[in-house]
Participant: 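Supplied in structure tokens, the structure appears directly below.
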Amino acid sequence: MSAIFDLVPHPKFPETYLVCRKTGVHFYLPAKVRKYEDSYFQEEYKNQYKKTYYEDEPQLRELAKRRIKILRKFQEPTNKSLYEIGCASGFFLDEARKEGYSVSGIELSKTEVQFAKKTLSLDVVSGSFLETEFLPDSKFDTVCAFFVVEHFPEAEKAFQKIADLVKPGGFLFLGLPSMQGPTYVTDPKEWLKTHPSDHFWDYSPESLKKMLKLYGFTSVYKKPMSYHPKRDKGWKGKYLNHRLFAFYADVACYGDTFHFLAQKKL
């Protein structure tokens, strides 16, 4: 399936997962390709968050600001270029532009791209990141993808394209589900029961670190995106209070979703 991945059946879930012996990255065998039309974007979002994407704009912009704050720990935005894969309506790009980044992006949904272009005056295109005709010619100081990379069936191809877009010394900023979180670690049956059918690859912070190293990246930041102590079944059903759980989660990057920032070697 891949030159990067050395995949073998999972010891506990051989009918569900293949596992890379080099990195620990998991391939979800039941995954199926979906057609991501405009209705998918809006309906999936509302089903998960009980509001439309546009109704959630204030919260999405706050999340964007938190992500930019993470970036600023490692990179001054002024005169830096930033490219987002799966930019949706462009709220993150708009906030990044306010901080000084020169921004652009790509999104499958034509409706979202139309909003980003007409309402926010952003430089974005509608198309598949995996199709060469839509890829930009230039390289970027930062490439971002939030809840995107797990959807690519051909992970090796996708990450090579991503790596090629990042300048030497530049950054790759990802947000994605984690196999090093309370749901998978303490309740794998629940994890598998609720596993999205279009997520082909599952990562932990450690497996992602090992995999990106093969593409010339070094991990510089990793933290959970949120804290859910009650999802942790714990020892004999006991779990930590929120404060202690959050402390442990930050130290161990123990969360069902996580942010990951890596720097490309010079």
Side-chain angles (χ1 to χ4, degrees), residues 1-14 16-34 48 67 70 84-86 129-130 142-163 165-166 171-188 190-228 231-232 249-264:
M1 183 177 293
S2 159
I4 289 287
F5 300 121
D6 178 14
L7 298 170
V8 296
H10 192 287
K12 291 185 178 179
F13 309 109
T16 305
Y17 278 125
L18 296 177
V19 186
C20 176
R21 288 188 290 191
K22 290 189 289 186
T23 64
V25 171
H26 285 49
F27 180 76
Y28 184 65
L29 288 167
K32 298 178 181 179
V33 175
R34 289 188 62 172
Q48 184 171 355
R67 286 171 170 163
I70 293 170
E84 185 181 8
I85 304 165
F129 173 72
L130 296 181
T142 300
V143 173
C144 302
F146 305 114
F147 296 100
V148 171
V149 296
E150 63 272 19
H151 293 269
F152 292 132
E154 299 177 83
E156 182 183 57
K157 177 181 177 181
F159 274 100
Q160 188 59 63
K161 285 180 175 289
I162 292 171
L165 286 177
V166 182
F171 293 89
L172 172 60
F173 191 14
L174 302 175
L176 62 168
S178 178
M179 298 194 82
Q180 187 177 309
T183 300
Y184 180 77
V185 171
T186 68
D187 194 3
E190 178 65 20
W191 169 275
L192 294 175
K193 184 174 72 173
T194 59
H195 193 285
S197 62
D198 56 345
H199 287 195
F200 286 83
W201 298 91
D202 288 317
Y203 305 87
S204 68
E206 187 60 27
S207 67
L208 186 60
K209 174 184 175 181
K210 290 178 180 178
M211 191 199 73
L212 286 177
K213 185 178 181 180
L214 301 175
Y215 290 93
F217 287 89
T218 300
S219 168
V220 297
Y221 177 93
K222 54 183 179 180
K223 271 196 178 179
M225 291 178 61
S226 57
Y227 308 100
H228 300 282
R231 293 181 186 176
D232 191 319
D250 280 343
V251 171
C253 196
Y254 185 64
D256 285 338
T257 56
F258 69 110
H259 281 133
F260 191 95
L261 187 64
Q263 187 171 27
K264 190 175 183 180

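The analysis underlying the following values was restricted to heavy atoms, covering all of them including side chains, and did not include hydrogens, waters or symmetry mates.
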Participant: What are the two closest heavy atoms between L29 and P14, and how far apart are they?
Facilitator: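 Looks like CD1-O, 3.6 Å.
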Participant: Once rounded to the nearest 0.5 Å, what's the spacing between atom CZ of F171 and atom OH of Y221?
Facilitator: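 It comes to 13.5 Å.
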Participant: What's the shortest heavy-atom distance between Y254 and G181, and which atoms?
Facilitator: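 Looks like CE1-C, 3.7 Å.
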Participant: Is any side-chain heavy atom of E156 closer than 4.5 Å to a side-chain heavy atom of M211?
Facilitator: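 The answer is no, as the side chains (C-beta and beyond) never meet within the 4.5 Å cut-off.
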Participant: To the closest 0.5 Å, what do you measure between NZ (K223) and CG (L261)?
Facilitator: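 The NZ atom of K223 sits 12.5 Å away from the CG atom of L261.
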Participant: Are F173 and F146, when compared by the centres of their aromatic rings, separated by less than 6.0 Å?
Facilitator: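 That pair passes the under 6.0 Å test.
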Participant: Once rounded to the nearest 0.5 Å, what's the spacing between atom CZ of F200 and atom CZ of F152?
Facilitator: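 The distance works out to 11.5 Å.
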Participant: With respect to R231, which candidate in D187, D256, T183, T186 satisfies the side-chain hydrogen bond (donor to acceptor under 3.5 Å, both in side chains) definition?
Facilitator: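 With R231 as partner, D187, D256, T183, T186 yield a single side-chain hydrogen bond (donor to acceptor under 3.5 Å, both in side chains), made by D256.
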Participant: Can you tell me if E190 has over 12 outside heavy atoms packed within less than 6.0 Å of its CD?
Facilitator: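 Counting neighbours around CD of E190, more than 12 heavy atoms of other residues, nucleotides or ligands fall under 6.0 Å, so yes.
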Participant: Apply side chain to side chain donor-acceptor pair (under 3.5 Å) to T23 and list each qualifying residue two or more places apart in sequence or on a separate chain.
Facilitator: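 Checked T23 against side chain to side chain donor-acceptor pair (under 3.5 Å); zero matches.
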Participant: In this structure, is the centre-to-centre distance between the rings of F5 and W201 below 6.0 Å?
Facilitator: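 Yes, close enough.
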Participant: Which atom pair, heavy atoms only, marks the closest approach of S226 to T257?
Facilitator: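 Between these two residues, the closest heavy atoms are OG-OG1, 4.1 Å.
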Participant: Side-chain contact, heavy-atom cut-off 4.5 Å: P205 with S178?
Facilitator: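 Of all side-chain heavy-atom pairs linking S178 with P205, at least one is under 4.5 Å.
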Participant: Would you confirm whether the ring centroid of Y28 sits within less than 6.0 angstrom of the ring centroid of H199?
Facilitator: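 Ring centroids of H199 and Y28 are no less than 6.0 Å from each other.
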Participant: Give a yes or no on whether a salt bridge exists between K22 and D6, defined as a side-chain N under 4.0 angstrom from a carboxylate O.
Facilitator: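 Result for this pair is no, no salt bridge flagged.
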Participant: Taking all atoms of both residues into account, what is the closest heavy-atom pair of A155 and Y215, and its distance?
Facilitator: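 That closest heavy-atom pairing would be O-OH, 4.4 Å.
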Participant: Rounded to the nearest 0.5 Å, what's the gap from CG on L174 to CD on E150? Could you check?
Facilitator: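 So the CG of L174 and the CD of E150 are separated by 9.0 Å.
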Participant: Short question: side chain of K264, backbone of L172 - any donor-acceptor pair under 3.5 Å?
Facilitator: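 Flag not set: sc K264 to bb L172 has no pair under 3.5 Å.
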Participant: Nearest heavy-atom pair of A158 and F129: which atoms, and what distance?
Facilitator: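 What the structure gives for the nearest pair is O-CE2, 3.9 Å.
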Participant: Scan for side chain to side chain donor-acceptor pair (under 3.5 Å) pairs involving residues 203-214, sequence neighbours excluded, and state none if there are none.
Facilitator: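 Only S204-S207 qualify under side chain to side chain donor-acceptor pair (under 3.5 Å).
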Participant: Under the 3.5 angstrom rule, does the side chain of K222 hit a backbone N or O of C253 as a donor-acceptor pair?
Facilitator: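 No.
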Participant: CG of L208 to CZ of F260: how many Å apart, nearest 0.5 Å?
Facilitator: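 Rounded to the nearest 0.5 Å, the CG-CZ separation comes out at 4.5 Å.
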Participant: So, D202 versus Y17: side-chain donor-acceptor pair below 3.5 Å or not?
Facilitator: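 Indeed, the side chains of D202 and Y17 share at least one donor-acceptor pair under 3.5 Å.
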Participant: State, yes or no, whether a side-chain contact exists between S219 and L212 at a heavy-atom distance under 4.5 Å.
Facilitator: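 With C-beta onward as the side chain, the pair stays apart.
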Participant: With under 30° as parallel and over 60° as perpendicular, where do the rings of H195 and W191 fit, or are they tilted in between?
Facilitator: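 Correct class here is perpendicular.
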